[in-house]
Each structure stands twice: as C-alpha cells, then as structure tokens.
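Okay, so here's the structure we're looking at.
Residue numbering restarts at 1 for every chain, and letters A, B, ... go by the order of the sequence lines.
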Protein chains: 2
Amino acid sequence: MFDELCPSSYNPIRFGDKWAALILACLEHGPRRFSELRVPLARVTPKVLTQSLRSLERDGMVKRTVYAEATPHVEYELTPLGRSLLGPLAVACAWTREHWDELLDARDAYDHAASEDRRAG
Amino acid sequence: MFDELCPSSYNPIRFGDKWAALILACLEHGPRRFSELRVPLARVTPKVLTQSLRSLERDGMVKRTVYAEATPHVEYELTPLGRSLLGPLAVACAWTREHWDELLDARDAYDHAASEDRRAG
DNA sequence: GGCCCTGGTTACCCCGGGGATACCGGCTAT
DNA sequence: ATAGCCGGTATCCCCGGGGTAACCAGGGCC
C-alpha cells in the first residue's frame with residue numbers, strides 16, 4: 001500500500017518528522033524490533049531513528065516494549081492512535097501516486113521560466 | 001471545513017511548509033489578492049507569505065496573475081492540482097479534529113512519566 | 001511635490017532537524 | 001577472555017526554514 005514512500009521532504013503531504021511516515025508503514029503489519037526497522041531504513045542513522053521513534057512514542061502513535069528475557073530485545077508497535085493515521089497516510093500516498101508527475105512537471109516549468117527571466121534581465 | 005487549521009508545526013499531518021495548508025484553505029472559495037491573504041494570515045510576515053506562495057506556485061498548486069489595469073493588483077488562485085489537495089487536506093483536518101485531544105493526552109503522559117523517571121534517577 | 005496603496009524585496013539572525021562518526025553497557029555463546 | 005549482537009548515546013557540525021525590521025518602485029490622487 002505504501003510502496004512508493006519516500007522521505008517526507010520530497011512530498012507536499014508529510015506526517016511527523018522526516019522519517020515518520022516510513023516508520024508507520026514499516027509497523028503496519030505488526031511489531032518490529034529496532035534492528036528490523038534499520039533494514040528498510042538503512043539510510044537513517046540510529047540516532048535519528050531513535051529520535052523519530054521517541055517522538056512517535058511521545059505522541060502516542062507507537063508503543064515501545066522492552067522484553068528482558070534470556071535474549072533481551074525491544075519491540076515497537078502501532079497503538080490504535082497510530083493505526084488511525086494509516087487511513088490519512090493511504091490517502092496521501094494515493095494523491096502522490098496520482099499527481100507526482102504533474103508536480104514535477106510544474107517545478108520544471110517554473111524553474112525553466114525563472115532561468116529564462118534571469119537571462120532576459 | 002478547515003475552521004480549526006493551525007500552523008502546520010502543531011499537526012502530525014502537514015502540507016508543504018508551515019503556512020501552506022492555511023493558504024490553501026484561504027484560496028478554497030476563489031481567488032484572493034496578496035493583501036486579502038494577509039488578513040487571515042496576520043501573523044505571517046510579507047516575506048514569509050511570499051516565500052510560501054512562490055513555493056506553492058512552483059509546485060503548480062497556485063496560479064499567480066498580475067492585473068496591470070488602472071489599479072494594478074495581483075491575484076492568487078488554486079490550480080486544479082492545488083484543488084486536488086483539498087480532499088487529502090479535509091481528511092487530515094478530520095483526523096486532527098477526532099484525535100487531537102488523544103494526542104495531547106499522550107504527550108502529557110509521556111512528559112510526566114519522563115520527569116518522574118528523572119526524579120527517580 | 002508629497003503621500004498612500006499595492007505587492008513585494010533586502011539584510012540579518014536564530015534555532016532546531018538531522019547528518020557523520022564514534023563510542024557504550026549488558027548479555028550470551030564459545 | 002573475548003567476540004558478538006542488541007539497542008542505543010555522545011559529540012560535533014551544517015544547513016535551511018522562518019522570524020524581525022527596514023526599505024522600495026510604480027501608479028493614483030490631491
């Protein structure tokens with residue numbers, strides 16, 4: 001559903017901070033461990049991933065659970081509130097799929113016209 | 001429809017830059033002049049408003065028209081692309097109306113727990 | 001000439017998100 | 001003992017969004 005997610009900075013519709021939308025999508029189908037999240041989010045440094053997860057946790061979107069068993073680990077999962085964001089997120093993704101090219105074309109046209117103007121003085 | 005819009009920074013779902021969602025909402029019902037936009041956006045300085053409008057124009061969301069008549073002025077209006085964002089924007093507003101309190105409660109709880117932890121060491 | 005309206009621009013500054021890199025403490029397995 | 005894995009921290013730095021304040025050019029008006 002969120003195949004074409006990219007860092008939010010490239011999208012006119014954004015959720016939370018730069019990587020939040022991707023994190024929400026990664027958690028859509030169940031809990032994930034920190035190291036599991038690092039795989040699809042390989043370009044995100046651990047510090048930034050922690051920051052983003054803490055922010056989502058603070059906003060009640062994500063629940064963090066520490067399992068202090070023989071092999072201790074941490075799991076992150078969506079709360080009902082976090083899950084309620086998946087609807088708007090899907091709407092945003094649909095908008096982007098449908099209009100992304102149009103937006104890029106508009107940017108090219110605008111930038112081209114701007115450089116023409118500069119040349120003309 | 002967008003009665004409760006606030007600067008995007010306070011919202012987990014954001015459109016464009018800080019003031020873009022408010023601008024889209026202001027343009028929903030027809031073209032507006034620069035000075036007309038400054039009324040509902042009184043807290044936004046002209047520089048920042050211009051920046052935001054230029055960005056929306058570059059992305060093909062807004063069309064800027066100069067009327068060089070006896071009394072010259074400028075009008076900003078939504079393009080079809082900009083208008084297509086109103087749907088996702090309405091979805092985002094609905095989400096916020098429904099879940100805003102829940103989010104604030106989560107923040108309070110998180111911050112409170114954090115300060116307790118600090119006290120306990 | 002002097003003033004206002006319109007739609008901006010210019011210069012300056014500040015803060016915070018987020019990137020790079022390195023390090024860390026607990027636990028287990030061998 | 002030492003080498004992993006796990007889930008992070010610590011430090012430093014940079015850039016750009018966005019805020020303040022002041023200034024500006026063209027036209028109309030009186």
Pairwise side-chain hydrogen bond (donor to acceptor under 3.5 Å, both in side chains) hits with a residue in residues 79-95 of chain A, at least two apart: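 Applying side-chain hydrogen bond (donor to acceptor under 3.5 Å, both in side chains) to every pair that reaches into residues 79-95 of chain A, excluding sequence neighbours, yields A/Ser84-B/Trp95, A/Trp95-B/Ser84.
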Output all residues satisfying side chain to side chain contact (heavy atoms under 4.5 Å, CB included) with [X], sequence neighbours left out; order by chain, then residue number.
| X | value |
| --- | --- |
| A/Glu75 | A/Pro31, A/Arg33, A/Tyr67, A/His73 |
| B/Arg32 | B/Leu27, B/His29, B/Glu36, B/Leu37 |
| B/Val74 | B/Arg64, B/Val66, B/Tyr76 |
| A/Pro46 | A/Phe34, A/Arg38 |

Nearest whole angstrom, please: distance from the [atom2] of [N] to the [atom1] of [X].
| X | N | atom1 | atom2 | answer |
| --- | --- | --- | --- | --- |
| B/Phe34 | C/dG8 | CZ | P | 6 Å |
| B/Glu36 | C/dC5 | CD | C1' | 14 Å |
| A/Leu41 | C/dG18 | CG | C1' | 14 Å |

Interface with DNA chain D, restricted to residues 48-72 of chain B and to heavy atoms under 4.0 Å: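 DNA chain D contact set from residues 48-72 of chain B: B/Val48, B/Ala70.
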Which ILVMFWY residues can you reach from B/Val91 by hopping between side chains whose heavy atoms are under 4.5 Å apart?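 Noted: B/Val91 shares its cluster with A/Val91.
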Find out if a path of hydrophobic residues (ILVMFWY) with successive side-chain heavy-atom gaps under 4.5 Å connects B/Ile23 to A/Leu103. yes
Of all nucleotides in DNA chain D that come within under 4.0 Å of a heavy atom of chain B, which is furthest toward the 5' end and which toward the 3' end? D/dG18 to D/dG28
Would you kindly compare A/Thr45 and B/Val74 by the position of their nearest DNA chain C nucleotide and give the one closer to the 5′ end? B/Val74
Under the rule for side chain to side chain donor-acceptor pair (under 3.5 Å), what residues qualify as partners of B/Glu102, not counting sequence neighbours?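 So B/Glu102 forms a side chain to side chain donor-acceptor pair (under 3.5 Å) with B/His99.
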Closest nucleotide among C/dT9, C/dG18, C/dT6 to the A/Lys18 side chain: C/dG18
